[in-house]
Amino acid sequence: MTINQLSIFIENRSGTLVKVLEILKQAKIQIVASTIADTADYGIYRLICSEPSRAYEELKKAGVAVALSDVFALELDNHPGCAAEVVKIISDAGIGITYMYTFLLNGKGILIFRTDSTDDARNVITRNNLPFIAESNLVELV
């Protein structure tokens with residue numbers, strides 16, 4: 001029910017993001033979604049890709065600081081308020097969202113989020129029949 005996400009730690013200076021993207025390009029790994037959060041000294045480049053385990057190994061081999069973590073991916077109808085409805089269900093269950101990002105893919109909204117309460121989130125998703133995306137299906141949507 002969860003998918004793998006890479007969190008890549010990069011310095012806030014010219015060329016560091018290009019290095020990461022070139023490694024993935026050379027490995028022929030497809031990026032599905034990504035986001036960057038930054039501080040004054042470094043950024044955290046989070047991404048969902050076609051082969052997260054292989055991407056992790058390729059980046060590690062190149063000396064890039066990277067972590068692999070589990071996140072949830074939910075498929076939403078593409079209408080105003082749909083993300084709010086889903087986040088409310090999760091929040092009403094007492095589950096905090098550490099971070100999230102969304103994007104549109106083939107006419108559907110995709111909501112990616114991480115929580116420190118993975119088992120509780122899994123139960124809420126199941127109990128409320130929220131449409132999660134399995135990792136094997138995510139790349140097929142691209």
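When reading the values below, keep in mind they use all heavy atoms of this one structure, side chains included, and skip hydrogens, waters and symmetry mates.
A heavy-atom distance below 4.5 Å is not found between the side chains of Ile125 and Ile89. Counting heavy atoms from C-beta on, the side chains of Tyr56 and Leu6 come closer than 4.5 Å. Within the 4.5 Å cutoff, the side chain of Ile8 has heavy atoms near those of the Val64 side chain. For the pair Ile97/Val87, a side-chain contact is recorded, criterion being any heavy-atom separation below 4.5 Å from C-beta on. For the pair Val66 and Lys60, the minimum side-chain heavy-atom distance is below 4.5 Å. A heavy-atom distance below 4.5 Å is found between the side chains of Leu76 and Val86. The side-chain heavy atoms of Ile48 and Ile110, taken from C-beta on, include no pair separated by under 4.5 Å. Between Thr35 and Phe103, the closest side-chain pair of non-hydrogen atoms is not below 4.5 Å.
Within the 3.5 Å criterion, the main-chain N or O of Gly96 finds a donor-acceptor partner in the side chain of Thr115. Counting only distance, with no hydrogens or angles, the side chain of Ser50 and the backbone of Gln30 share a donor-acceptor pair below 3.5 Å.
Ile36 and Leu68 fall within a single hydrophobic cluster, where Ile, Leu, Val, Met, Phe, Trp and Tyr side chains are chained together by heavy-atom contacts under 4.5 Å. Residue Tyr101 is grouped with residue Val32 when hydrophobic side chains (ILVMFWY) are merged at heavy-atom distances under 4.5 angstrom, including chains of intermediate members.
One distance of note links CD1 of Ile10 with CG of Leu17; it measures 5.0 Å at 0.5 Å rounding. Rounding to the nearest 0.5 angstrom, the gap separating the NZ atom in Lys19 from the CG atom in Leu59 is 9.0 Å. The OH atom of Tyr42 lies 13.5 Å from the OG1 atom of Thr16; values are rounded to the nearest 0.5 Å. Rounded to the nearest 0.5 angstrom, Leu24 CG and Ile29 CD1 are separated by 5.5 Å. Atom OH of Tyr45 sits about 11.5 Å away from atom OG of Ser7, to the nearest 0.5 Å. Interatomic distance, CE of Met1 versus CG of Leu74, reported as 9.0 Å (0.5 Å rounding).
Here the closest heavy-atom approach between residue Asp119 and residue Arg122 is recorded as OD1-NH1, 3.0 Å. Residues Ile23 and Ala62 come closest through the heavy atom pair CD1-CB, 3.4 Å. Here the closest heavy-atom approach between residue Val124 and residue Ala93 is recorded as CG2-CB, 3.4 Å. Minimum interatomic distance between Gln5 and Ile112 (heavy atoms only, all atoms of both residues): OE1-CG2, 4.2 Å. Summarising the geometry of Gly43 relative to Asn12, their closest heavy-atom pair is N-OD1, 3.5 Å, with the distance given to 0.1 Å.
In this structure, Arg46 satisfies the cation-pi test against Tyr99, with its NZ or CZ atom closer than 6.0 Å to the six-membered ring centre and inside 45 degrees of the ring normal.
Electrostatic pairing of Glu58 and Lys61 counts as a salt bridge here, judged by a charged N lying under 4.0 Å from a carboxylate O.
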**OP:** For side-chain contact (heavy atoms from CB on, under 4.5 Å), just list the numbers for Phe132 and Leu111, CA-CA rounded to whole Å, side-chain angles, deciding distance to a tenth of an Å, and then say yes or no.
**Re:** CA-CA 9 Å; Phe132 69 90; Leu111 185 141; over 6 Å; no

Original post:
Between Ile133 and Ile3, is a side-chain contact (heavy atoms from CB on, under 4.5 Å) present by the stated rule, with each step listed?
Top reply: CA-CA 8 Å; Ile133 300 171; Ile3 63 171; 5.6 Å; no

Subject >> side-chain contact (heavy atoms from CB on, under 4.5 Å) between Ser69 and Arg114, intermediate numbers included >> reply: CA-CA 9 Å; Ser69 58; Arg114 180 166 178 160; 2.9 Å; yes

Subject >> Trace of the side-chain contact (heavy atoms from CB on, under 4.5 Å) decision for Glu57 with Glu51 >> reply: CA-CA 10 Å; Glu57 293 302 326; Glu51 299 177 71; over 6 Å; no

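If you check the side chains of Asp70 and Asn4, you find a donor sitting under 3.5 Å from an acceptor.
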